[in-house]
Peer 1: 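Before I ask anything, here is the structure I am working with.
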Amino acid sequence: MSGDRGVSRPHDHSRRVAAFTALVQPHWTVLNSAARRLSGPIWSEDVLQDALTDAWRSFDKYDPAKGDARAWLLSIVYNRSRKHWRSVHRRPVDYLNATPDVERNSDEPSSTMHRVDAEQDLMVAMERLTSRQRLIVDLYYFIDLPVEQIARMLSCSQGTVKSTLADARARLRRDLGDGYLNGRA
Amino acid sequence: MDELERLLSAAGHRWRNMQPEPSPLLEMVETSATPLHRAPVRNRALPFLAAAVVMIAIVGSVVAVRHVLGGSMAAQSSAMGRGTATYLGEVPWNNAVANRPGARAITIEVNTSLAAVDACAVSALRTEVFRAHGVVNVRVAAYGHKLKSHQICAEPGRPPRSLSIKTPFAMNGHIIRDTYDGSRHQVLYASDVPRPTKPLPPGYDAWSTMWSEDESITTQQSLDRACPGMCRIRLYSAPGSVAVDSVGESLGGTITRAPMGGGVTATLSVARSSAAGIVQRIVRWRRADGTTFELVAQGTEGHVPSLSQLLAIARSVP
């Protein structure tokens, strides 16, 4: 990000605050989404708060040359959510509960109802992905990050991200069944 | 794009659209509060402390700084009691009261009996206030001397302690968060604090009133009186279920039922703690109006009233 370059590291507190805020502000919405997706709606605020505290503490060490701010901040959110779900011994996201219910209406077009059913089935199938696959599917499809940013965030190559995505899709396709997917079209 | 990709993209799009607007990013502010996992500094003349200060000066870094997110920030450390105490753990608090309009200070009640620490080991409490994500957080940490393995708290439970803490702005009517368990509390004016309204059973004095603020202000009365010897009886009442002090790891007990009159049945239970000789007897009943009562007697065996004695007291509750 062009705006990340030349971030000063002032000792003066107010300048440091301004610099940090300027760094975080453009990514605030996506950080919120990431926290909600990776740690669930109930814990997301706590995770985000801890992640921002971590970021603030290590702000002086942040080097824009090693990656853009979004990837840096997202990786902190990811690490925090991992720590969190490890500490509470639970799965990172309960997809079924994380996906809002859609009120069924008899006047609704049947295609809409089919889509909702298909999404529910998709969430169930996502539960069976490996944690790595699920994470990358989350980041790519739900948080809408490009492959390049996911690779920076997870410190891996873009090829690894793409192959993990392909593996995840293959697993989902196998679980859901091609016939099922085509039937929902 | 095949059907699966379309489905994933649509699900992702729908999920993003259904997310609430994030709360605004607030200003990052730092404070000079000492981290709570560190014991309060008591004797600055101690050589190792002097060496530490010199080292800190040399490396030019300040390690005892907390950075937290907040629009305006207040942090403080306060201590009750004295002693070269060690960190025992966090302690829950409740009953946040703003004593006068516009004051940037509130009073909270800290009940060490409800924490996972030995209440009688606590000699000092430290508070920290920070604002994050638009919510003011209050953390209370307990310090003291850890009990030796053969020691137990002689007196079961302690009355809550009041602590006055500074806040970043006038807090009356606002919600503040207890970092102990993430619970949120509404700050009330002193004049709005709910008072026990139910008549007290014979021999009881009001000990404290707790209120919860999840949806509406509901009160829980705690009334107590001493029994002979090492024993205390408490009566809790609340609109829903009530939580009581535990005597620690239960070594088994009995549960029986008894009629209370008016079609109400009480549950009677006994639990024994692994702590030597501590026993807890509870009579619990629920009235037709939904109010739950728990009469809890806790103390050393031989001093705690029998279940039939407790049942008689329970039946005398107006």
Side-chain angles (χ1 to χ4, degrees), chain A residues 13-14 16-21 24-25 27-33 35-37 41-46 48-50 52-57 59 98-100 102 115-116 118-123 125-126 137-138 140-144 168-170 172-173 176 178 180-185, chain B residues 1-33 35-36 59-73 75 128 130-137 139 175 177-184:
Chain A
H13 174 65
S14 58
R16 192 173 189 269
V17 167
F20 184 81
T21 306
V24 175
Q25 187 73 65
H27 315 296
W28 187 233
T29 301
V30 78
L31 293 177
N32 271 274
S33 293
R36 289 181 74 82
R37 191 67 198 171
I42 294 171
W43 302 101
S44 61
E45 292 217 345
D46 286 347
L48 195 57
Q49 173 188 318
D50 289 341
L52 280 170
T53 306
D54 290 347
W56 171 258
R57 282 177 177 151
F59 182 37
T99 305
V102 174
R115 177 177 60 76
V116 172
E119 283 184 21
Q120 292 288 344
D121 292 339
L122 175 67
M123 298 307 141
M126 281 181 66
V137 166
D138 267 340
Y140 186 75
Y141 288 105
F142 287 80
I143 304 174
D144 205 23
R169 282 193 296 258
L172 289 173
R173 201 170 281 118
L176 291 171
D178 278 335
Y180 174 89
L181 290 167
N182 292 333
R184 296 285 174 191
Chain B
M1 185 184 280
D2 67 8
E3 177 58 20
L4 175 63
E5 286 227 45
R6 265 195 289 276
L7 188 58
L8 280 164
S9 299
H13 183 73
R14 196 165 77 88
W15 183 83
R16 286 193 298 278
N17 283 342
M18 298 195 82
Q19 295 311 300
E21 279 292 308
S23 53
L25 174 63
L26 300 169
E27 189 185 6
M28 207 74 184
V29 188
E30 67 183 311
T31 80
S32 59
L36 290 172
V59 298
S61 63
V62 178
V63 293
V65 173
R66 282 187 58 83
H67 306 278
V68 288
L69 178 68
S72 63
M73 174 80 185
E128 184 186 29
F130 60 96
R131 187 176 170 195
H133 232 72
V135 175
V136 173
N137 293 260
R139 176 179 292 143
I175 299 293
R177 179 174 172 270
D178 183 359
T179 61
Y180 178 81
D181 57 3
S183 59
R184 292 170 187 243

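A note on names: the letters A, B, ... follow the listed sequences, proteins ahead of strands, and every chain is numbered from 1.
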Peer 1: Mind checking the CG-CG spacing from L172(A) to L4(B)? Nearest 0.5 Å is all I need.
Peer 2: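 If I round to the nearest 0.5 Å, the distance is 5.5 Å.
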Peer 1: Measure across L8(B) and R169(A) and return the closest heavy-atom pair with its distance rounded to 0.1 Å.
Peer 2: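 That would be CD1-CG, 4.2 Å.
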Peer 1: Could you tell me which residues satisfy side-chain contact (heavy atoms from CB on, under 4.5 Å) with A55(A), sequence neighbours excluded, listed by chain and number?
Peer 2: F20(A), W72(A), L73(A), I76(A)
Peer 1: Please list, chain by chain and in numerical order, all residues satisfying salt bridge (Lys or Arg N to Asp or Glu O under 4.0 Å) with D178(B), sequence neighbours excluded.
Peer 2: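 With sequence neighbours excluded, D178(B) shows a salt bridge (Lys or Arg N to Asp or Glu O under 4.0 Å) to no residue whatsoever.
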Peer 1: From R173(A) CZ over to E5(B) CD, what is the distance, rounded to the nearest 0.5 angstrom?
Peer 2: 7.5 Å
